[in-house]
Amino acid sequence: MTTILVTGGTGTLGRRVTERLRSDGHEVRALSRHARPYDVDLRRGGPALDAALTGVPTVVHCASSPRGGDEEAAERLIAAARRAGVGHLVYISIVGVDRVPFGYYRTKFAVERRIERSGVGFTILRTTRFHDLLASLFTSLAASPVLPLPAGVADQPVEVAEVADRLAELALAAPAGRVADLGGPEVRPLDSLARSFLRATGRRRRVVNVPLAGGTYRAFRAGGHLVPDRAVGRGTFEEYLARRSG
């Protein structure tokens with residue numbers, strides 16, 4: 001049995017990683033800002049973080065926020081991991097962080113680089129966007145009678161439970177550096193995915209494809225966030241929507 005610390009252990013992904021590892025008989029410390037006894041703000045670090053890492057050989061770093069602070073959190077975590085003698089740091093990243101000049105992606109890429117230079121054994125897994133995130137995006141956009149989408153953009157959503165299974169597998173193995181990306185089973189036009197969402201949720205909205213400008217849009221349109229050659233996920237967006245509706 002291995003003791004593993006999961007940052008963001010109560011979040012969408014971290015909770016599933018925690019459950020998977022515990023079901024396999026491992027001791028898991030789920031760290032987040034509001035989950036006792038390991039309630040720690042990684043952006044501040046401090047003695048509570050050191051205590052949470054005591055005796056931990058492996059960390060799965062799932063904590064992240066599009067609102068900022070990821071680089072500071074990574075610095076605190078890496079420093080504490082070094083002090084605690086952690087031998088393996090597993091990090092979840094996003095496909096395209098090195099190709100799409102989107103602010104959050106740039107931050108994730110910067111965290112990757114910090115981990116690579118940390119001196120701690122590491123494994124980095126990049127995946128495409130989760131079904132949950134795409135559904136949240138469509139929910140927000142469907143608040144008006146017209147659902148606007150960036151023209152010519154496709155997506156490749158993946159099932160979060162499959163990502164959790166892969167992270168748990170990697171956490172129990174030796175540090176492997178950057179491993180093969182994990183993409184969802186289908187590359188689909190964004191408007192096709194949006195129409196599936198509307199049908200599943202009983203909404204009637206007009207889907208409008210809107211041409212945009214700028215480097216980020218061009219990178220998304222060129223598919224910088226996709227990995228069609230790594231479409232190894234199994235769960236489709238429609239299957240996710242059916243479970244969500246049911």
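Just one residue in the list Leu49, Val28, Leu53 forms a side-chain contact (heavy atoms from CB on, under 4.5 Å) with Leu5, and that residue is Leu53.
The closest side-chain heavy-atom distance from Phe138 to Thr201 is not below 4.5 Å. Side-chain contact between Arg29 and Thr3: present, with at least one pair of heavy atoms (C-beta onward) separated by less than 4.5 Å. The closest side-chain heavy-atom distance from Val111 to Ser93 is not below 4.5 Å. A 4.5 Å side-chain heavy-atom check between Pro150 and Arg221 finds every atom pair outside the cut-off. Within the 4.5 Å cutoff, side-chain heavy atoms of Phe130 are placed close to those of Val158. Residues Thr10 and His34 have side chains not in contact (no heavy-atom distance under 4.5 Å, counting atoms from C-beta outward).
When all heavy atoms are compared, the tightest approach of Arg106 to Pro101 is NH2-CB, 3.4 Å. Scanning all heavy atoms of the two residues, the minimum distance from Arg205 to Ala142 falls at NE-O, 2.7 Å. Between Arg230 and Asp181 the shortest heavy-atom distance is NE-O, 2.8 Å. Between Ala151 and Pro211 the shortest heavy-atom distance is CB-N, 3.8 Å. Considering every non-hydrogen atom in both Tyr38 and Ala30, the closest pair reads CB-O, 3.7 Å. Of all the heavy atoms in Ala200 and Leu241, the pair that sits closest is CB-CB, 3.8 Å.
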Leu134/Phe197 under side-chain contact (heavy atoms from CB on, under 4.5 Å): CA gap, chis, key distance, verdict = CA-CA 9 Å; Leu134 201 56; Phe197 169 81; over 6 Å; no

Show the numbers, then the answer: is there a side-chain contact (heavy atoms from CB on, under 4.5 Å) between Val207 and Leu198?
-> CA-CA 10 Å; Val207 176; Leu198 293 172; 3.7 Å; yes

Might you work through the side-chain contact (heavy atoms from CB on, under 4.5 Å) test for Phe122 and Arg117, ending with a clear yes or no?
-> CA-CA 10 Å; Phe122 70 90; Arg117 298 191 299 262; over 6 Å; no

When you look at Arg20 and Ser23, which way does the side-chain hydrogen bond (donor to acceptor under 3.5 Å, both in side chains) test go after all the steps?
-> CA-CA 5 Å; Arg20 165 64 193 277; Ser23 71; 4.9 Å; no

Could you walk me through whether Glu169 and Arg166 pass the salt bridge (charged side-chain N to carboxylate O under 4.0 Å, His left out) check?
-> CA-CA 5 Å; Glu169 178 183 38; Arg166 179 61 173 145; 2.7 Å; yes

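The neighbour count for Arg82 CZ, taken as heavy atoms of other residues, nucleotides or ligands under 6.0 Å away, is above 12. Taking a 6.0 Å sphere around CZ of Arg203, one finds it holds more than 12 heavy atoms contributed by other residues, nucleotides or ligands. More than 12 heavy atoms of other residues, nucleotides or ligands shown are found within 6.0 angstrom of CZ on Arg243.
Taking a cutoff of 4.0 Å between a charged side-chain nitrogen and a carboxylate oxygen, Arg178 and Glu112 do not qualify as a salt bridge. A salt bridge does not link Glu19 with Arg16: none of the charged nitrogens is closer than 4.0 Å to a carboxylate oxygen.
Using bins of under 30°, 30° to 60° and over 60° for the plane-to-plane angle, the ring pair Phe220/Tyr105 lands in the perpendicular bin.
Under a 3.5 Å cut-off, the side chain of Glu159 and the backbone N or O of Gly233 do not form any donor-acceptor pair. Without hydrogens or angle criteria, His131 side chain to Glu238 main chain gives no donor-acceptor distance under 3.5 Å. Looking at Asp70, its side chain does come within 3.5 Å of a backbone N or O of Ser65 through a donor-acceptor pair. Checking side-chain atoms of His61 against main-chain N and O of Tyr91 turns up no donor-acceptor pair under 3.5 Å.
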